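Okay, so here's the structure we're looking at.
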Amino acid sequence: MANSDTVFGFREIKKSDPRFYQSFAIAAGYATALAIGDAVEQELTMSTPAGYEHGLPNIKVLAAGQLDAAGVIVGFEGPPNRDNRFQNYSAASTASVAIVNVDPNARYVVQEDSVGGAITNITVGQLCDLIDAGVDTATGSSGQELDSSLITTSGQFRVRELYRAADNAIGTNALWVVSWSEHMDVGAPVAVE
């Protein structure tokens, strides 16, 4: 059975300690949509959303190869939308407050893009960057995946193991368990030899 091609970004495998969830601002002038499951980095600027008179650091989408990730968006603050569901993405150029898992030891499940070949069991332990197709604003889903053509001795994430599920197998669009290797609170990564 072939793996389904369902991109959702980075999903926590196990909830981190609530002390690792931190609020960040998305500046009104930031022209990129962000979604739950997006890996992000902290900017050098702050915004002052309502209720945060001392301000919050701004975040932006984590680019492939960027070394100082802040974490992964796990939610947004704010009221339910008109469908009575909480928002799962922040539209471009819209001020928002995102909740980010900043735990440098968190583990996530993520789909590989399978461009240039699929990740194999002999690459477990190696490092890999993400690739970002942007937010699908129709579904509100993150467009981030592992870039399977960049499995090397350096990268933003360490490939830990194949995600264990009956409908997941090594090959095209496989789901993998990953952890941070390049995070603002983690030292220089070393590949498994």
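Note that the coordinates shown come from a computational prediction; the quantities given were computed from them, not determined experimentally. Because only heavy atoms are used, hydrogens play no part in the values below, and waters and symmetry mates are left out as well, while side chains stay in. Positions are given from 1, in the same order as the sequence printed here.
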Identify the heavy atoms of [X] and [Y] that sit nearest to each other, and give their distance.
| X | Y | result |
| --- | --- | --- |
| Thr120 | Ile170 | CA-CG2, 4.2 Å |
| Glu112 | Ala118 | OE1-CA, 3.1 Å |
| Ala174 | Ala169 | CB-O, 3.3 Å |
| Ser114 | Asn173 | OG-N, 2.7 Å |
| His54 | Met46 | O-CE, 3.7 Å |
| Asp103 | Ser16 | OD2-OG, 3.2 Å |

Value rounded to 0.5 Å, distance of [atom1] in [X] from [atom2] in [Y]:
| X | Y | atom1 | atom2 | result |
| --- | --- | --- | --- | --- |
| Leu162 | Asn121 | CG | CG | 9.0 Å |
| Lys60 | Gln66 | NZ | CD | 6.5 Å |
| Glu12 | Arg107 | CD | CZ | 14.0 Å |
| Ser148 | Ile131 | OG | CD1 | 8.5 Å |

Transitive ILVMFWY cluster of [X] at side-chain heavy atoms under 4.5 Å: who else is in it?
| X | value |
| --- | --- |
| Val97 | Tyr52, Leu56 |
| Tyr21 | Val74, Ile99 |
| Met184 | none |
| Ile13 | Phe8, Val109, Tyr163, Leu175, Val177 |

Notebook entry, point to check: Would the number of heavy atoms belonging to other residues, nucleotides or ligands and lying under 6.0 Å from CZ of Arg11 be above 12?
Noted result: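 No, because the 6.0 Å sphere around CZ of Arg11 holds 12 heavy atoms or fewer from other groups.
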For the residue pair [X] and [Y], confirm or rule out a side-chain donor-acceptor distance under 3.5 Å.
| X | Y | value |
| --- | --- | --- |
| Ser23 | Glu77 | yes |
| Glu145 | Gln111 | yes |
| Gln42 | Asp68 | no |

Notebook entry, point to check: Between Val135 and Val40, is there a shared hydrophobic cluster once you connect ILVMFWY residues whose side-chain heavy atoms come closer than 4.5 Å?
Noted result: no
Between side-chain atoms of residues 27-38 and protein atoms elsewhere (two or more places apart, or another chain), which donor-acceptor pairs fall under 3.5 Å?
from  : atom 1 : to     : atom 2 : distance (Å)
Tyr30 : OH     : Val61  : N      : 3.0
Asp38 : OD1    : Ser142 : OG     : 2.5
Asp38 : OD2    : Ala35  : N      : 2.9

Check for a donor-acceptor pair, side chain of [X] on one end and backbone N or O of [Y] on the other, with a separation under 3.5 Å.
| X | Y | value |
| --- | --- | --- |
| Ser179 | Ala106 | no |
| Gln156 | Ala63 | yes |
| Ser149 | Asp147 | no |
| Asn3 | Thr172 | yes |
| Thr139 | Ser141 | yes |

Next item on the list: Begin with the C-alpha distance, continue with both residues' side-chain angles, and end with the deciding distance and a verdict on side chain to side chain contact (heavy atoms under 4.5 Å, CB included) for Asn105 and Phe20.
Entry: CA-CA 10 Å; Asn105 297 309; Phe20 285 111; 5.8 Å; no
Tell me, do [X] and [Y] make a side-chain contact under 4.5 Å, heavy atoms counted?
| X | Y | result |
| --- | --- | --- |
| Val102 | Phe24 | yes |
| Thr137 | Tyr89 | yes |
| Ile26 | Ile59 | yes |

Margin query: Suppose we screen for ring pair (Phe, Tyr, Trp, His ring centres under 6.0 Å). Which residues come up paired with Phe157, at least two apart in sequence or across chains?
Written below: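 For Phe157 the ring pair (Phe, Tyr, Trp, His ring centres under 6.0 Å) partners, ignoring immediate neighbours, are Phe10, Trp180.
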Next item on the list: Output, in order, the C-alpha distance, side-chain angles, deciding distance and verdict of side chain to side chain contact (heavy atoms under 4.5 Å, CB included) for Val100 and Val72.
Entry: CA-CA 5 Å; Val100 176; Val72 171; 5.7 Å; no
Check: Can you check side chain to side chain contact (heavy atoms under 4.5 Å, CB included) on Val159 and Leu127, steps first, answer last?
Finding: CA-CA 6 Å; Val159 179; Leu127 305 174; over 6 Å; no
